[in-house]
Amino acid sequence: MNIRQLLDHHVSKALIAAGAPDKTPAVIKQSNRAEFGDYQANGVMGAAKKLKINPRELATKVLENLDLSDIAEKVEIAGPGFLNIHLKSAWLAEQLELALNSDTLNISPATHPQTVVIDYSAPNLAKEMHVGHLRSTIIGDALVRVLTFIGHKVIRQNHVGDWGTQFGMLLAHMNSLPSSGEALSMQLSDLEGFYRTAKKRFDDEDGFAETARDYVVKLQAGDAECHALWQQFIDISLQHCEDIYSRLNVLLTRDDVMPESAYNHDLANVIKDLDTAGLLTEDQGAQCVFLDEFKGKDDKILPAIVQKSDGGYLYATTDLAALRYRHKELHANRVLYFVDARQSLHLNQVFAIAKAAHFVPQEMQLEHMAFGTMMGKDGKPFKTRDGGTVKLIDLLKEAEQRAFDLVSEKNPDLSEDERKKVAHTVGIGAVKYADLSKNRSSDYIFNWDTMLSFEGNTAPYLQYAYARIQSIFRKAGKIDDTATLHLNEAAEKQLATKLLQLSEAIELVVKDGTPNILCNYLFELAGNFMSFYEACPILKADDEIKNSRLKLAKLTAQTLDTGLGLLGIETLDQM
RNA sequence: GCGCUGGUAGCUCAGUUGGAUAGAGUAUCUGGCUACGAACCAGAGGGUCGGGGGUUCGAAUCCUCCCCAGCGCGCCA
């Protein structure tokens, strides 16, 4: 059940019955002030303008054709032609009962289930994951959960970077070390340091660069020994990623890994097929695709290079092969790319080429869910003091440590094991929420303290609301599920209405790939609960009211747990 | 030069096909724990929505010009 959609349906029908043309939008919104009701319909004014009639007269006609008597206690015309809809408490209570008795909180599944491929995380295996990988990993994972929840078939794709010239350097360094097996594994436990050392040798050491290039050639030629070395490196590096995913409570596993190298065999075909489609142009020795839509104002067309003059392929080629695979093998209707905004031109070129070459059908939805670059406090691209990046693992450890210190202070009675568990859940939740709650497609500023804050609009605030409810239940004993819901107090009605709006938040997240909408919803829900908690005593109320309020609390807990779950954030009974 | 993204309170950010008095968090100030958990609640102050012009009953939102910032624009990914 989705209140906005329900009202939209009724008001649209009434608009048409009142003389508005077909498909006139009702423009239903949640009212931002209590005096304007719970919802408002703003479509009358737009329709009146088109019909060139007085909006208030049209509003009157719409009201004559609008029967919301089951849902609303009153519908008023206000201002230049707003329709203010005040929902009926009894109807809200009925809907709450339906949600309480449903495994999915009575949220309607998608009317047209799709197969959706989600391309996210995609670290470069040559190095360790750093804080810049957080957005793609966390936001992509939230979309996986939300789309799955409403009934889409979701296929995760971790397009990791496991190929390219830098691996020659790493393998050359790796093979020159005396150790192997477990000892080597130890060396690679600091992948970042390993990379830096190899890079330094590549830059400084005589002959090393040549050795590195030899390794690239051998690797690409399929040399068995070299391939085994490479495989060993990749396995260790992937294990690093999996440790992070597990700690972050991210769904990605090794089964979701579809590395760049998996498309190697198809790259020559991509070029051949582009040629057959008549899209290939040789320019300065390189194979390019020129599409009119990527023309600058000076009429110079921007090329997309798909094969270098030396015959080598580029990431555009790989992305085209991947896109074709996602259509032919995975049968995707929609593909979401959670990728840095800097790759916007590149991805749009790839999408356009794939469609022009008929690698994928025209109606396939290809969407770049872009996000900005991480900046330091000075507004410049983020770097540590020594010019490196902050390792993701270090951020997570710091988050858990700070959470541990806090829980030890707030709740010293918990055992150390319990405090560690709480610290993990709260610390990771805070980090994830800090990133999920921002919609910015622009750059964002990395800040330890805001990232690790436990107050205000943060995951711990939501987890705290949940833990408070669990505490009430521990004291309340058994709940009478047959009790009637009463929504007498303003705080009760406000909480009730908010509880029924999760579906509207999900609707927007699914459409735009913006989990911050869900964060915002959950923050408002928790806030409404906190106000209700202060204004309406639960355990001290008379039985009838007590049971009613316990049911409200129960549904709040379920909604918080479900909503946070969709963000990949866990709840706790105590914290 | 061209293009993409952004500019909203001291700071970090919301703002749903244009709607009513632009909202949160944080910081500052005031009040609230012998209380169902104070990681909280109630309240106060804080705004030329980068600037000009335009479209209309109505613009942070749409159009246009300008300023500022980040990024991208042929053989890295």
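By convention in this document, chain letters (A, B, ...) are assigned in the order of the sequence lines, proteins followed by strands, and residues within each chain are numbered from 1.
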| request: Please check if the distance between the ring centroids of A/Tyr464 and A/Tyr461 is under 6.0 Å. | output: no

Residue pair [X] / [Y], side-chain donor-acceptor N/O under 3.5 Å:
X        : Y        : answer
A/Tyr433 : A/Asn457 : yes
A/Thr571 : A/Asp561 : yes
A/Glu492 : A/His486 : no
A/Glu76  : A/His86  : yes
A/Gln401 : A/Asp405 : yes

Which nucleotide in the set [options] lies at the smallest distance from any side-chain heavy atom of [X]?
X        : options             : result
A/Lys540 : B/C73, B/C36, B/G19 : B/C36
A/Tyr461 : B/U17, B/C75, B/C41 : B/C41
A/Pro303 : B/G74, B/G72, B/C75 : B/G74
A/Arg468 : B/C36, B/A38, B/U17 : B/A38
A/Arg342 : B/U16, B/U17, B/C71 : B/C71

| request: Without swapping roles, check the side chain of A/Asp275 against the backbone of A/Ile271 for a donor-acceptor pair under 3.5 Å. | output: no

| task | Using modelled atom types only, decide if a donor and an acceptor are shared between the side chain of A/Thr425 and the backbone of A/Lys421 within a distance under 3.5 Å. | result | yes

For [N], give its Watson-Crick or G-U wobble partner with both distances under 3.5 Å, or none.
N     : result
B/A35 : none
B/G25 : B/C11
B/A77 : none
B/U17 : none
B/G3  : B/C71
B/A42 : B/U30

| field | Closest non-hydrogen atom pair between A/Ala20 and A/Thr24, with its separation | value | CB-OG1, 3.6 Å

[M] and [N], which share atom name [atom1], separated by this distance in whole Å:
N     : M     : atom1 : value
B/G18 : B/G31 : C1'   : 41 Å
B/U8  : B/G51 : C1'   : 14 Å
B/G6  : B/A60 : C1'   : 14 Å
B/A9  : B/A24 : P     : 15 Å
B/A35 : B/U30 : P     : 25 Å
B/C63 : B/U16 : P     : 15 Å
B/A59 : B/A20 : P     : 11 Å
B/G45 : B/G23 : C1'   : 16 Å

Round to the nearest Å and state the distance from [X] atom [atom1] to [N] atom [atom2].
X        : N     : atom1 : atom2 : value
A/Arg213 : B/C76 : CZ    : C1'   : 14 Å
A/Phe167 : B/A77 : CZ    : P     : 12 Å
A/Leu414 : B/A39 : CG    : P     : 13 Å
A/Asp310 : B/C76 : CG    : C1'   : 12 Å
A/Asp573 : B/G37 : CG    : P     : 13 Å
A/Gln349 : B/A77 : CD    : P     : 14 Å
A/Ile469 : B/C36 : CD1   : P     : 16 Å
A/Asn411 : B/A39 : CG    : P     : 10 Å

| task | Using a 4.5 Å cut-off on heavy atoms from C-beta on, say whether the side chain of A/Met575 contacts that of A/Tyr466. | result | no

| query | Considering heavy-atom distances to RNA chain B, does A/Gln30 or A/Ser531 have its closest nucleotide positioned more toward the 5' end? | reply | A/Gln30

| message | Both A/Met530 and A/Ala26 contact RNA chain B. Taking the nearest nucleotide for each, which residue is further toward the 5' end? | response | A/Ala26

| Taking atom types as they are modelled, is there a donor-acceptor pair under 3.5 Å from the base of B/G58 to the side chain of A/Lys49? | yes

Think [X] has a side-chain N or O under 4.0 angstrom from the OP1 or OP2 of [N]?
X        : N     : result
A/Tyr39  : B/G19 : no
A/Tyr315 : B/A77 : no
A/Lys511 : B/U17 : no
A/Lys410 : B/A39 : yes

| remark: In B/S/- notation (B base, S sugar-phosphate only, - none; protein heavy atoms under 4.0 Å), nucleotides 4-14 of chain B written 5' to 3' is -SSSB---SSS

| Reading 5' to 3' through nucleotides 20-34 of chain B, protein heavy-atom contacts under 4.0 Å coded B for base, S for sugar-phosphate only, - for none | BB--SSS--------

| Are A/Glu507 and A/Lys511 close enough for a salt bridge, meaning some N to O gap below 4.0 Å? | no

| request: Identify whether the distance between the nearest side-chain nitrogen and carboxylate oxygen of A/Asp443 and A/Arg342 falls below 4.0 Å. | output: no

Within the 4.0 Å heavy-atom criterion, would you say [X] contacts the bases, only the backbone, or no part of the nucleic acid?
X        : result
A/Ala304 : nothing
A/Tyr313 : sugar-phosphate
A/Cys536 : base
A/Gln287 : nothing

| Can you name the one residue among A/Ile139, A/Asn516, A/Asn520, A/Asp512 that meets side chain to side chain contact (heavy atoms under 4.5 Å, CB included) with A/Asn439? | A/Asn516

| said: Quick test of the criterion, 5.5 Å between centres and less than 30° between planes. Is A/Tyr533 stacked on B/C40 or not? | reply: no

